[in-house]
Amino acid sequence: MAPTVPPPRTPLPTERDDRAGGEPRDGCAQWYERELGWATAGVAPVRLLTGLRFDALVVPAAAGHAALRRVGRAGPVALMGERMSLLVAAGSADELPGLLDWLEWGQVALALTALGAGGRITAPPPPGRPGPPGAAVWLRPPWPLHEQEGETVLPALSGFGSRGGDTPDLVRLVDAVATECHRARLMRARTGPASDESAGQPLAFS
């Protein structure tokens, strides 16, 4: 009997990357690198490097949701447990201390972390792909490069002064996030000890 030819195998979620010395490459990492041009690190979970193509504002999820309802248009937003990462233009982390001072939030302790050069966030599965229980998820997914032509997709200081809501404005976003973080802190102080591990956490930059 002539041997039968087995059907093609389903591609594995990882493959070898010769550029990395033959180390396994995660399919999730490949999508971010090829479709968005974002640098990644590690596997299971993949991390997205900040300070290159974007920075991130990391806040308690409740404060982040409330801020997004106020500002409307924003950049990509990821959720990991009780923490939300709002992606902003690269360099925004360096601008944040001065911006908070200008908005008169500089002397207020906020549960807000700004991740710039050298930082990283957990990468959610690419849009439309399932992830394991407890994995990070996109609340507002990023756009592939071919959809970004001529469009500002990350909040930046260049959006300051836009009244029509078409340009993501870093100033409005930071002010809304700071307001909601402070409001949540006041509510926790009124109702008793904080249950959120970020309560009382000082503003941090990296």
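Below, all heavy atoms of this structure are taken into account, side chains as well, without hydrogens, waters or symmetry copies.
Residues Arg185 and Val108 are not in side-chain contact: their nearest non-hydrogen atoms beyond the backbone lie 4.5 Å or more apart. Within the 4.5 Å cutoff, side-chain heavy atoms of Leu154 are placed close to those of Pro76. Considering only heavy atoms from C-beta on, Glu82 stays 4.5 Å or farther from Pro60 through its side chain. Side chains of Asp169 and Leu173 form no contact here, defined as non-hydrogen atoms less than 4.5 Å apart. You'll find the side chain of Leu57 stays beyond 4.5 Å of the side chain of Thr113, heavy atoms only. In this structure the side chain of Pro142 never reaches within 4.5 angstrom of the side chain of Phe54, judged on heavy atoms. Contact of the Val59 side chain with the Arg83 side chain is not registered, since no non-hydrogen atoms from C-beta on lie closer than 4.5 Å.
In the hydrophobic clustering, where aliphatic and aromatic side chains (Ile, Leu, Val, Met, Phe, Trp, Tyr) are joined below 4.5 Å either directly or transitively, Leu49 groups with Leu52.
Of all heavy-atom pairs between Pro125 and Ala136, the closest is CD-O, 3.1 Å. When every heavy atom of Gly37 is checked against every heavy atom of Arg53, the shortest pair comes out as O-NH1, 3.2 Å. Of all non-hydrogen atoms in Arg70 and Glu180, the two that sit nearest each other are CD-OE2, 3.2 Å. Pro127 and Pro141 make their closest contact through CG-CB, 3.6 Å (heavy atoms, listed as atom of the first residue, atom of the second, distance). Taking every heavy atom of both residues into account, Ala56 and Ile121 meet most closely at CB-CG2, 4.2 Å. Looking at every heavy atom in both residues, Asp55 comes nearest to Gly116 through OD1-CA, 3.5 Å.
Met80 and Val46 are not part of a single hydrophobic cluster, where members link through side-chain heavy atoms under 4.5 Å apart.
Rounded to the nearest 0.5 angstrom, Trp105 CH2 and Asp175 CG are separated by 7.0 Å. Separation of atoms OG1 (Thr40) and CZ (Arg120) is listed at 9.5 Å; rounding is to 0.5 Å. Separating the CG atom in Leu157 from the CG atom in Leu170 is a distance of 5.0 Å, to the nearest 0.5 Å. One finds the CG atom of Leu79 at 10.0 Å from the CG atom of Leu86 (value rounded to the nearest 0.5 Å). Put simply, CZ on Arg183 and CZ on Arg188 are 13.0 Å apart, with the number rounded to the nearest 0.5 Å.
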Under the side-chain contact (heavy atoms from CB on, under 4.5 Å) criterion, do Leu48 and Tyr32 qualify, and how do the steps go?
CA-CA 8 Å; Leu48 301 176; Tyr32 282 107; 3.7 Å; yes

Mind running side-chain contact (heavy atoms from CB on, under 4.5 Å) on Val58 and Leu112 for me, showing each step along the way?
CA-CA 6 Å; Val58 184; Leu112 166 63; over 6 Å; no

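A donor-acceptor pair shorter than 3.5 Å can be found between the side chains of Thr122 and Arg47.
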Identify all side-chain donor-acceptor contacts of residues 90-101 below 3.5 Å with residues at least two apart in sequence or on another chain.
{"residue": "Ser92", "atom": "OG", "partner": "Ala89", "partner atom": "O", "Å": "2.7"}

